[in-house]
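For reference, the structure discussed in these notes is given below.
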Amino acid sequence: EVQLLESGGGLVQSGGSLRLSCAASGFTFSDYAMSWVRQAPGRGLESVSAISGSGGSTYHADSVKGRFTISRDNSKNTLYLQMNSLRAEDTAVYYCAKRGHKIAAPGNYYFDYWGQGTVVTVSS
Amino acid sequence: DIQLTQSPSFLSASVGDRVTITCRASQGISSYLAWYQQKPGKAPNLLIYSASTLQSGVPSRFSGSGSGTEFTLTISSLQPEDFATYYCQQLNSHPLTFGGGTKVEIK
């Protein structure tokens, strides 16, 4: 059974930092790209960052570029999101999500498993 | 960035109703679209990908159609457990944008 368990959320002041973790199990972690998707209170979904299975390729949305860094440790089956220079608008539930297909190609970027989410609150 | 516009944003329906939600893309995305269901306090759940392929374990009352810029999600007979918010997501290119959501509530 695939499981994704996020941790590391919390309350932080504006300008502060947090590191989120997502422990994965139930599948060959290194075979799949992973993403972080966030949802601000009462709002929709925003794909924030993505990383290839090997970790050699990453993507960050413009809203977090230069502040957030996605990484992974395939020996520990763990995904990370280092968040620096946090702003009030970063307040959200952060989900880690597994890509549903091994091959990176248009059409394959759907998420078939999601974690339960971890809450990040940035106070101004 | 590819923009996705869902309509309606809110829908009131009864158990047994046939429900259709539309998602329009700002540019053609072939069949590269997914649909998710999200219940309050829970993570999204994948329903459909490639516009019309039902994810394993999803009831057959859910179906998807469309290509290019216009897509639909249909629930053939609404069940009590289907009251939730539904999101479309384009799978064409980064950033992987989502629609604004359609909340389905009990009439």
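Every chain is numbered from 1, with letters handed out A, B, ... down the list of sequences.
For A/A50, the part lying near chain B is the side chain, with the backbone staying farther off; criterion is any non-hydrogen pair under 4.5 Å.
Of the listed residues (A/A61, A/G44, A/G107), the greatest number of heavy-atom pairs within a distance under 4.5 Å of chain B belongs to A/G107. Looking only at heavy-atom pairs under 4.5 Å with chain A, the residue among B/G41, B/S56, B/P95, B/A34 that has the most is B/P95.
By the neighbour-count criterion of 12 heavy atoms within 6.0 Å, atom NZ of B/K42 is sparsely surrounded, having that number or fewer from other residues, nucleotides or ligands. Environment of CD in B/E81: crowded, with over 12 heavy atoms of neighbouring residues, nucleotides or ligands closer than 6.0 Å. By the neighbour-count criterion of 12 heavy atoms within 6.0 Å, atom CZ of B/R61 is densely surrounded, having more than that number from other residues, nucleotides or ligands.
Connection of A/W36 to A/Y32 is established within a shared hydrophobic cluster, with ILVMFWY side chains joined at heavy-atom distances below 4.5 Å, either directly or through further cluster members. Both B/L73 and B/L78 are part of a single hydrophobic cluster, where members link through side-chain heavy atoms under 4.5 Å apart. By the criterion of side-chain heavy atoms lying less than 4.5 angstrom apart, applied directly or through intervening Ile, Leu, Val, Met, Phe, Trp or Tyr residues, A/L11 is not grouped with A/V120; the two fall into different hydrophobic clusters. Linking Ile, Leu, Val, Met, Phe, Trp and Tyr residues whenever their side-chain heavy atoms come within less than 4.5 Å leaves A/V48 and A/V93 in two separate clusters. A/L79 and A/F27 fall within the same hydrophobic cluster, where Ile, Leu, Val, Met, Phe, Trp and Tyr residues are linked whenever their side-chain heavy atoms come under 4.5 Å apart, directly or through other members.
In this structure, OG in B/S50 is found 7.0 Å from CG in A/N108, a value given to the nearest 0.5 Å. If you take CG on B/L96 and CG on A/L45, they are separated by 12.0 Å, rounding to the nearest 0.5 Å. To the nearest 0.5 Å, atom OG of residue A/S49 and atom NE2 of residue B/H94 are 10.5 Å apart.
Looking only at side-chain heavy atoms (C-beta outward), A/Y109 and B/S93 stay at 4.5 Å or farther from each other. Side-chain contact between B/L91 and A/P106: absent, with no pair of heavy atoms (C-beta onward) separated by less than 4.5 Å. Considering only heavy atoms from C-beta on, A/Q39 comes within 4.5 Å of B/Q38 through its side chain. Looking only at side-chain heavy atoms (C-beta outward), B/I48 and A/Y110 stay at 4.5 Å or farther from each other. Using a 4.5 Å heavy-atom threshold, the side chains of A/Y95 and B/P44 count as touching.
By the 30° and 60° cut-offs, the orientation of the rings of A/W114 relative to B/Y36 is perpendicular.
The minimum heavy-atom distance between B/A43 and A/G115, with the atom names listed, is CB-O, 3.2 Å.
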When you look at A/V37 and B/F98, which way does the side chain to side chain contact (heavy atoms under 4.5 Å, CB included) test go after all the steps?
-> CA-CA 10 Å; A/V37 179; B/F98 292 84; 4.2 Å; yes
